[in-house]
Structure formats: C-alpha cells, structure tokens
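Order of the sequence lines sets the chain letters (A, B, ...), proteins ahead of strands, with each chain counted from 1.
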There are 2 protein chains.
Amino acid sequence: MATDDLMTKVLDALGDAQPTVEAIHDLTDLAEVPSSMTIAEVADRLALSAHTLRYYERAGLVTVARDSQGHRVYDADAVRRLVFLTRMRLSGMSMRELQHYIELVDAGEHTVPERMAMLAEHRDTIVRRLRELTLSLAAVDYKITTYGGATGSDVERRPSRDAAA
Amino acid sequence: MATDDLMTKVLDALGDAQPTVEAIHDLTDLAEVPSSMTIAEVADRLALSAHTLRYYERAGLVTVARDSQGHRVYDADAVRRLVFLTRMRLSGMSMRELQHYIELVDAGEHTVPERMAMLAEHRDTIVRRLRELTLSLAAVDYKITTYGGATGSDVERRPSRDAAA
DNA sequence: CTAGGACTTCGAGCGCGCTCTAACGCAAAT
DNA sequence: ATTTGCGTTAGAGCGCGCTCGAAGTCCTAG
C-alpha cells in the first residue's frame with residue numbers, strides 16, 4: 001500500500017513523542033494546504049499514486065473539479081477530505097465503510113450522530129487491534145529471547161531436545 | 001479473517017493484564033495439546049476453518065499425516081506449528097514470509113540465524129504498526145472529541161462555519 | 001513541425017488470503 | 001438398505017484495494 005509512506009513521514013515528523021491530540025492537530029496542517037493542487041501534487045503530498053486518487057474519486061469518496069483542459073483541480077476541501085480518508089484507510093477502515101461515512105457527510109448535519117457512532121466503533125476496532133498487536137509483540141519477543149527459531153510456540157521447558165519442527 | 005476469533009479468545013483470557021513474556025508462555029498451553037486431533041478439532045481450537053487448515057497444508061506450511069481412511073491426523077507438533085503460524089498471520093506476517101520461514105525451519109539448525117533475523121524484522125514491523133495505530137487512535141479521538149463528523153481533519157479554529165464537507 | 005510530458009477515460013488485471021463447490025469415500029445410526 | 005455426517009480432492013471463485021495499460025487530448029519546448 002503506497003499509503004504507508006504517509007505514515008512513515010508523519011512518524012518521522014513526530015519523532016519519539018507520544019502522539020497527543022495536540023500533535024495530531026499540528027500534523028494536520030504541517031504545511032498550509034494550497035487553494036488548489038494538481039493530481040500529481042496531491043499524490044506527492046499524500047504519498048499515494050495518481051491512480052489511487054482517481055480510484056477514490058470513482059469510488060465516490062471525493063468530488064474533484066476540472067479545469068479548462070479537463071484536468072483535475074483539487075481544492076483545499078478535497079485535499080483535507082483526502083487527508084482524512086488516508087488516515088482512516090491507514091487505521092484499517094474499509095473502503096466500504098468510508099463510502100458509507102462519506103454518504104452520511106454528504107447527506108447533511110442530521111447524520112452527525114450516526115457518523116459519531118461510526119467513529120466510536122472504529123475507535124474500538126483500533127483499540128482492539130492495538131491489544132492484539134501488543135500481544136503479538138510479546139509473543140515474538142518471547143520467541144526471540146528464549147530460543148529463536150523453532151515453530152513450536154513453547155520451547156521445551158527443559159531443553160532436552162529441540163522444539164518441534 | 002476467521003483467525004481474528006482466536007485473538008478474541010486470547011484477549012479475553014488475558015483480561016486487562018499487560019501481556020508479558022510469562023503470560024504468553026502460559027497462553028501457549030492454556031489447555032494441553034492432545035497427542036492427535038481431527039481437522040474439525042484443530043479448526044475449532046484455532047478458530048479457523050477446515051478449509052483454511054487444508055489451504056495452509058497445501059501451501060506447505062504444515063505436514064499432516066493421514067489415518068486409514070485418508071483423514072488428516074494432526075499431531076501435537078502440527079498443532080503447535082499451527083498455533084505459531086496463526087499468531088504470525090495475525091500479527092501481519094504474510095503467507096509468503098511464513099513459507100520462507102518454514103522452509104528455513106525444515107532446512108535445519110544452520111538456518112537459525114536467518115530465522116532470528118526474520119523474527120527481528122517482523123518485530124520491527126509490529127512496533128511500527130503499533131506506532132501507526134497509536135497515532136490513528138489519537139486522530140480518531142481528536143475527531144470525536146472536537147467535533148464528530150466532518151471530513152476535514154481540522155475543524156475550524158474558530159467554528160465560524162462548518163468544517164469542509 | 002515534432003517530440004515529450006502530463007493529463008484524461010475506460011476497463012482489465014493482479015496479489016493476497018482465503019472460501020467455496022462438486023463429486024466422491026467411508027462408517028455408524030436408523 | 002439408506003441416510004446422515006464427516007471427511008477427502010482438485011480446482012474455481014471471491015472480495016479487497018489497488019495498479020496498470022491502451023488510446024487519446026492538450027500544451028510547451030526545441
């Protein structure tokens with residue numbers, strides 16, 4: 001996923017600081033969003049391909065105006081929406097869910113509660129995934145520190161023979 | 001992924017405790033591994049489908065003996081290997097990588113250094129993903145707490161108008 | 001005048017990880 | 001005797017999220 005590169009950038013920018021709400025807020029406008037950008041500029045900025053940007057548009061996730069030559073012109077709102085979309089994709093929200101979310105956004109203010117519910121549910125998904133990964137990390141660490149190669153998840157209590165192949 | 005259910009079980013078993021090396025070790029043999037199991041029993045235990053188990057076997061990740069009727073008989077080693085494989089899949093290691101890892105295991109002790117390197121690299125991948133998710137979580141929290149619905153990642157500094165749709 | 005380069009659309013193709021179907025075998029239960 | 005149930009195989013199919021190719025348009029530089 002080309003999208004991963006954006007997170008690399010962001011993490012680099014963060015350094016080792018714990019991400020806080022404030023940090024996120026700052027990240028949002030690390031650089032000002034120009035009032036309009038070409039597809040190449042947006043692709044570069046979000047670290048995804050022009051192909052992907054067109055794909056997102058086809059999928060109904062953004063609407064993008066055209067200039068006199070029929071070329072896409074991304075305004076600041078479109079770019080901000082794409083930043084949001086990219087973040088959500090990266091955190092594991094599916095295209096389908098994002099399409100639904102965007103439908104809600106486009107449907108108006110009265111859908112705010114449902115949007116909140118989606119975000120809350122997604123939050124839970126992220127938390128769950130964090131716990132899974134933390135556990136996996138511990139498991140891998142265990143494997144590295146105690147032996148280092150066999151597939152049996154438990155190394156022999158008494159290393160009389162090699163762990164199961 | 002059906003595999004997710006296993007982690008659900010494991011997380012439930014863990015409760016809110018921080019996963020530690022010891023906890024992982026205990027988890028490994030939460031229940032004793034019988035000396036042989038049918039495909040249905042293994043599927044049930046690992047919370048993945050019999051289809052998937054056959055698929056893993058076809059992919060060369062495990063070797064499974066047959067009984068007189070040609071039915072699969074999973075011995076303890078096979079089950080332990082599958083526990084390992086499931087864990088690694090869940091933590092994001094690809095089938096391709098696992099195939100390589102298993103080749104190394106089957107190739108003998110002299111591949112231990114390379115296996116260690118793979119594990120270490122995978123460990124880094126997990127850590128990176130944890131950081132990404134932590135950041136995403138902060139972003140989602142930010143969105144939930146500050147506004148709750150628009151796609152613009154930054155809500156207006158002064159909420160004069162609605163954030164970008 | 002021509003070549004290059006960035007863009008357009010439409011639609012096909014791909015890699016991954018399963019997931020399922022069809023047709024069949026065997027054994028115990030009715 | 002047949003139904004039920006659990007297993008087998010080979011191979012096709014699917015959902016996802018891109019990713020790419022072909023053919024064409026337009027502008028600019030040489």
Side-chain angles (χ1 to χ4, degrees), chain A residues 1-7 36-74 78 82 85-102 122 125 129 132, chain B residues 1-7 36-74 78 82 85-102 122 125 129 132:
Chain A
M1 210 191 289
T3 302
D4 290 348
D5 301 334
L6 175 64
M7 189 56 85
S36 87
M37 296 174 79
T38 67
I39 194 169
E41 287 163 350
V42 176
D44 190 60
R45 190 179 194 109
L46 301 188
L48 30 82
S49 72
H51 284 303
T52 300
L53 287 173
R54 293 190 198 101
Y55 165 69
Y56 284 178
E57 185 179 351
R58 263 191 287 179
L61 296 181
V62 258
T63 306
V64 185
R66 304 298 145 108
D67 66 12
S68 59
Q69 282 120 76
H71 290 194
R72 285 171 178 78
V73 178
Y74 289 85
L82 284 166
L85 293 169
T86 304
R87 237 206 264 301
M88 296 308 265
R89 287 290 305 115
L90 203 50
S91 65
M93 186 172 277
S94 69
M95 288 297 288
R96 186 180 296 272
E97 283 173 297
L98 280 174
Q99 284 168 339
H100 184 205
Y101 189 91
I102 291 302
H122 186 58
T125 302
R129 193 84 249 275
E132 288 176 4
Chain B
M1 212 190 290
T3 301
D4 290 350
D5 301 335
L6 175 64
M7 189 53 86
S36 87
M37 297 175 78
T38 67
I39 195 168
E41 288 163 349
V42 176
D44 190 61
R45 190 179 195 108
L46 301 189
L48 31 82
S49 72
H51 285 304
T52 301
L53 287 173
R54 294 191 197 100
Y55 166 68
Y56 284 179
E57 186 179 350
R58 263 192 288 179
L61 296 181
V62 258
T63 305
V64 186
R66 304 299 143 108
D67 66 12
S68 59
Q69 282 120 76
H71 290 195
R72 284 171 179 79
V73 178
Y74 290 85
L82 284 166
L85 292 169
T86 305
R87 236 207 264 303
M88 295 308 264
R89 286 290 306 116
L90 203 50
S91 65
M93 186 173 276
S94 69
M95 289 296 289
R96 186 180 297 272
E97 283 174 297
L98 279 173
Q99 284 168 338
H100 184 206
Y101 188 91
I102 291 302
H122 186 58
T125 303
R129 192 86 251 273
E132 288 175 4

Under-4.0 Å side-chain N/O to phosphate OP1/OP2 contact, [X] with [N]:
| X | N | value |
| --- | --- | --- |
| B:Tyr55 | C:dC20 | no |
| B:Arg89 | C:dC18 | yes |
| A:Ser94 | D:dC16 | no |
| B:Tyr56 | C:dG17 | no |
| B:Arg72 | D:dG7 | no |

Given atom [atom1] of [X] and atom [atom2] of [N], what is their separation to the nearest angstrom?
| X | N | atom1 | atom2 | value |
| --- | --- | --- | --- | --- |
| A:Leu53 | C:dT8 | CG | C1' | 14 Å |
| A:Ile39 | D:dT19 | CD1 | P | 14 Å |
| A:Leu85 | D:dC18 | CG | P | 11 Å |
| A:Leu48 | D:dC20 | CG | P | 14 Å |
| B:Arg54 | D:dA10 | CZ | P | 12 Å |

Legend entry - Partners meeting side-chain contact (heavy atoms from CB on, under 4.5 Å) with A:Thr63 (sequence neighbours left out):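 Here no residue qualifies.
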Legend entry - B:Gln99 side chain vs B:Ala59 backbone, donor-acceptor pair below 3.5 Å: yes
Legend entry - Residue whose nearest DNA chain D nucleotide is more 5′ - B:Gly70 or A:Gln69: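 With A:Gln69 and B:Gly70 compared, the 5'-side residue is B:Gly70.
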Legend entry - side chain to side chain donor-acceptor pair (under 3.5 Å) against A:Ser36, all qualifying residues, sequence neighbours excluded: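 Not a single residue meets the side chain to side chain donor-acceptor pair (under 3.5 Å) criterion with A:Ser36.
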Inset, instruction - Output the single nucleotide from D:dG7, D:dC20, C:dC18 whose closest atom is nearest the side chain of A:His51. - result: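 When the side chain of A:His51 is considered, D:dC20 is the closest of D:dG7, D:dC20, C:dC18.
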Legend entry - Candidates C:dC7, C:dT21, D:dG7 - which lies nearest the side chain of A:Thr38: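 It is C:dC7.
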Inset, instruction - Examine the side chains of B:His71 and B:Thr38 and answer whether a donor and an acceptor come within less than 3.5 Å of each other. - result: no
Legend entry - Residues within residues 57-68 of chain B bordering DNA chain C, heavy-atom distance below 4.0 Å: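 Here the set is B:Arg58.
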Inset, instruction - Could you check whether B:Ala50 gets within reach of a base, just the sugar-phosphate, or nothing at all, counting any heavy atom under 4.0 Å? - result: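 The residue B:Ala50 makes no contact with any strand.
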